[in-house]
Undergrad: 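I am attaching a structure below and will ask some questions about it afterwards.
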There are 2 protein chains.
Amino acid sequence: MSKKKGEKKAKSGKKKELAALSAADLAPAITQAARSVRTALSRSISDSGLYAGQDGVILALSEDDGQTPGQLAARLGVKAPTMTRTIGRMEAQGFVERRADGHDGRLTKVHLTETGLKSVESIGQSVADCGAMAVRGFSEKEVRTLLKLLRAVEHNLQPEADED
Amino acid sequence: MSKKKGEKKAKSGKKKELAALSAADLAPAITQAARSVRTALSRSISDSGLYAGQDGVILALSEDDGQTPGQLAARLGVKAPTMTRTIGRMEAQGFVERRADGHDGRLTKVHLTETGLKSVESIGQSVADCGAMAVRGFSEKEVRTLLKLLRAVEHNLQPEADED
DNA sequence: TTCTCGCCCTTTTTCTTGCTCATCGGTCCT
DNA sequence: AGGACCGATGAGCAAGAAAAAGGGCGAGAA
């Protein structure tokens, strides 16, 4: 175990290489961690009848009902087509419903149904439970640090937020 | 595992509640961060002709050529069927090739082709570049901390690795 | 005032990854 | 041999992205 590969191609011998090696390990690490979280969350919310990715829609709607698909997509960090399909699936499942906006005919408001409303608590609990399990053994400070770094990573990767 | 939810998010003003709230934010945060990483990486390696998720196969094979799909799946943290399909796609793209193992007829060894071999450097560079961009502005210690916490999260979420 | 063009939002389509369940084939043990 | 086991693969379902189409609203021009 701990098969440290040490050096790779050894192009340059700068100290920056150490940082680069750590950074190179970050993409796989975050990908795998996210997969684990996604899988665990998927199991937790499967008994509520929905899939991973749908929980965010429920929770976002529970805070502000009647958002448009575009708003939901921006809020959850996915693209509009993805949100459209997710909403369609959830509408077929009976969790949400689409309503045309009276003022703007091109807008579609998404509302929670009774079923969706009743699932809010369960979903929130599942998300919190999953998160709690993920940070099991973490100190308060570590959790906050992880959150902070995660958001910083996300911010660094935003194409438009490039104020550099 | 304690499926007990017990307390809600309303009463009981304990310090644990704060942790629960932070933990509840973790799942969305890590999901979004991973999406950003995945998207950025996808863009970086798209000019090499492959998609997100294929980079790990190339890099894993560049370290140990001739691994089986099962080994690759375990190494990259995905399930075997996923790896089978990814390998099939990459084989069609000409990056890898399957070879039957002489000793065990049920084993399939995956090898890099010339094209795959030539893409190794580019892929590694893209992954490192993406990681570097993700941790832009981070100190060396912060990067290491993030890596450590990410791996701890992943470890916490392993169902079988429950030595608790 | 009315018509038309451009823009924004939504939706559709196509591609890939990923998981779960199920199947097939080869090995190894009994 | 025959059956159990392991590894690879196939089918089905869903998320997510990019490209492109459809539709309505508003602003500008005649």
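All chains are named by letter (A, B, ...) in the order of the sequence lines, taking the proteins before the strands, and each is independently numbered beginning at 1. Keep in mind that the numbers below use all heavy atoms, side chains included, and drop hydrogens, waters and symmetry copies.
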Undergrad: For DNA chain C, whose closest nucleotide is more 5', that of A/Ala80 or that of A/Arg35?
TA: A/Ala80
Undergrad: How far apart are the closest heavy atoms of B/Val96 and B/Ile87, and which atoms are they?
TA: CG2-O, 3.9 Å
Undergrad: Give a yes or no on whether the backbone of B/Thr82 and the side-chain of B/Thr86 come within a donor-acceptor separation of less than 3.5 Å.
TA: yes
Undergrad: Under 4.0 Å between a side-chain nitrogen and a carboxylate oxygen: does that hold for A/Glu91 and A/Arg89?
TA: no
Undergrad: Taking OP1 and OP2 of D/dA14, is either one under 4.0 Å from a side-chain nitrogen or oxygen of A/Arg89?
TA: yes
Undergrad: Using the heavy-atom set of chain A and a strict 4.0 Å cut-off, write down the first and last nucleotide of DNA chain C that makes it in, 5' to 3'.
TA: C/dC8 to C/dT20
Undergrad: Could I get the full list of side chain to side chain contact (heavy atoms under 4.5 Å, CB included) partners for B/Asp65, not counting sequence neighbours?
TA: B/Leu61, B/His111, B/Leu112
Undergrad: Send over the distance from B/Gln71 CD to D/dC6 C1', rounded to a whole Å.
TA: 13 Å
Undergrad: Given side chains that start at C-beta, do those of B/Leu150 and B/Leu146 come closer than 4.5 Å, heavy atoms only?
TA: yes
Undergrad: Run the salt-bridge test on B/Glu140 and B/Arg144 with the 4.0 Å N-O cut-off and return the result as yes or no.
TA: yes
Undergrad: Kindly determine whether B/Arg75 and B/Asp64 satisfy salt bridge (Lys or Arg N to Asp or Glu O under 4.0 Å), including the steps that lead there.
TA: CA-CA 11 Å; B/Arg75 185 162 183 162; B/Asp64 295 295; 3.1 Å; yes
Undergrad: Could you check if a side-chain atom of B/Thr108 sits within less than 4.5 angstrom of a side-chain atom of B/Pro69, using non-hydrogen atoms only?
TA: yes
Undergrad: What N/O pairs connect the protein and nucleotides 18-23 of chain D at under 3.5 Å? Give each pair on its own line.
TA:
| residue | atom | partner | partner atom | Å |
| --- | --- | --- | --- | --- |
| D/dA18 | OP1 | B/Arg43 | NH2 | 2.7 |

Undergrad: Counting only non-hydrogen atoms, which of residues 92-103 of chain A are less than 4.0 Å from DNA chain C?
TA: A/Arg98
Undergrad: Could you tell me the separation between the NZ atom of B/Lys109 and the P atom of D/dA8, rounded to a whole number of Å?
TA: 11 Å
Undergrad: Taking for each residue the nucleotide of DNA chain D with the nearest heavy atom, is it B/Gly70 or A/Arg38 whose nucleotide lies nearer the 5' end?
TA: B/Gly70
Undergrad: Does A/Gln67 use its side chain to pair, donor to acceptor, with the backbone of A/Lys109 at less than 3.5 Å?
TA: no
Undergrad: Would a distance-only check, ignoring hydrogens and angles, find a side-chain to backbone donor-acceptor pair under 3.5 Å from B/Ser62 to B/Val120?
TA: no
Undergrad: With sugar-phosphate meaning primed atoms plus P, OP1 and OP2, does B/Thr108 contact a base, only sugar-phosphate, or nothing at under 4.0 Å between heavy atoms?
TA: sugar-phosphate
Undergrad: I'd like to check B/Glu142 versus B/Val135 (side-chain heavy atoms, cut-off strictly below 4.5 Å). Are they in contact?
TA: no
Undergrad: Given 3.5 Å as the limit, does a donor-acceptor pair link the side chain of B/Asp101 with the main chain of B/Asp104, or not?
TA: yes
Undergrad: Short of 4.0 Å, heavy atom to strand atom, which residues of residues 48-64 of chain A count as contacting DNA chain C?
TA: none
Undergrad: Under 4.0 angstrom, heavy atoms only, what part of the nucleic acid is B/Thr68 near: base, sugar-phosphate, or nothing?
TA: sugar-phosphate
Undergrad: Which residue pairs pass the side chain to side chain donor-acceptor pair (under 3.5 Å) test with at least one member in residues 45-54 of chain B, sequence neighbours excluded?
TA: B/Ser48-B/Ser122, B/Gln54-B/Gln93
